[in-house]
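Take a look at the structure below.
In what follows, residues are counted from 1 in the order of the sequence shown. All ligand and atom numbering here is 1-based and tracks the order in the structure.
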Amino acid sequence: MKFFVDTADVPAIAELNDLGMVDGVTTNPSLIKKSGRDILEVTKEICDLVDGPVSAEVTATDAETMIAEGRKLVEIAENIAVKVPLTWDGLKACKALSDDGHMVNVTLCFSANQALLAAKAGATFISPFIGRLDDINLDGLDLIADIRTIYDNYGYETEILAASIRTVNHISECAKIGADVITAPPAVIQSMVKHPLTDKGLDAFLADIKSAGISIL
Ligand code: G3P
């Protein structure tokens, strides 16, 4: 499973990238706002750092302007994936930009039918939002499973990019279901390392190292 980092925080991306944990990056207007950076400048910096796809989201809502924005965004670097919302106009932009040969990430997906439309419009990635479905008492992971079934039934190559990941369990469940990619905030990815038995076991080993005077260097 590929790991994308859901942030525009360049130092946080760099730290995970150095560990080989970053297969791509996703941004959105809220994350750009949080970074306090200019969208074109910070996106270029991320593209220079990371080899994989870097999603940059359009700001318009009409297809024509979304396509123009997308064509400007792809000039930043070869690894840009243009992110468009899952609206009718967004699907038109997806079709035009994917026909041009660009990667397109269709975002704000909350239903299997929306995911089916995005695949037919040539999306490279579909971004179902797990956490926001959980927020309204639905099960975001059920949506990931439904899209996996539908895409596999018909051989769609659109990659399922599970987004709005809030917990480490979201990640392991997505891996079991067969999501192609997860995108998560750096802190959630870092939390995957935590286990109380690891800490307890290490404490016991450290106590024995100290009492036995074990040293290597
Ligand atoms: O990738 C989408 C993500 O940024 C949304 O996450 O936590 O705001 O629902 P969240």
Decide if atom CD of Q190 counts as having more than 12 heavy atoms of other residues, nucleotides or ligands within a radius under 6.0 Å. yes

Do R166 and ligand 1 have an N or O pair less than 3.5 Å apart? yes

Above 12 or not: heavy atoms from other molecules or residues under 6.0 Å from CG of D135? yes

N28, portion touching ligand 1 at heavy-atom distance under 4.0 Å: side chain

At less than 4.0 angstrom from any non-hydrogen atom of F129, what atoms of ligand 1 do you find? 2 (C), 5 (C)

What protein heavy atom lies closest to atom 5 (C) of ligand 1? Include the residue and the distance to one decimal. R132 NH2, 3.5 Å

Going by the atom numbers of ligand 1, which of them fall below 4.0 Å from some non-hydrogen atom of A163? 1 (O), 2 (C)

Distance to 0.1 Å, residue and atom name: give those for the protein heavy atom nearest to atom 6 (O) of ligand 1. S164 CA, 3.5 Å

Output the distance between atom CG (N28) and atom NZ (K33), rounded to the nearest 0.5 Å. 11.5 Å

Please say whether D6 places an N or O atom under 3.5 Å from an N or O atom belonging to ligand 1. yes

I need the minimum non-hydrogen distance between L133 and L143, along with the two atoms involved. CD1-CD2, 3.5 Å

What do the steps show when you test E75 against K72 for salt bridge (charged side-chain N to carboxylate O under 4.0 Å, His left out), and what is the final call? CA-CA 5 Å; E75 284 172 8; K72 179 163 181 181; over 6 Å; no

Ignoring hydrogens, what is the shortest heavy-atom contact between C109 and I147? Give both atom names and the distance. SG-CD1, 4.3 Å

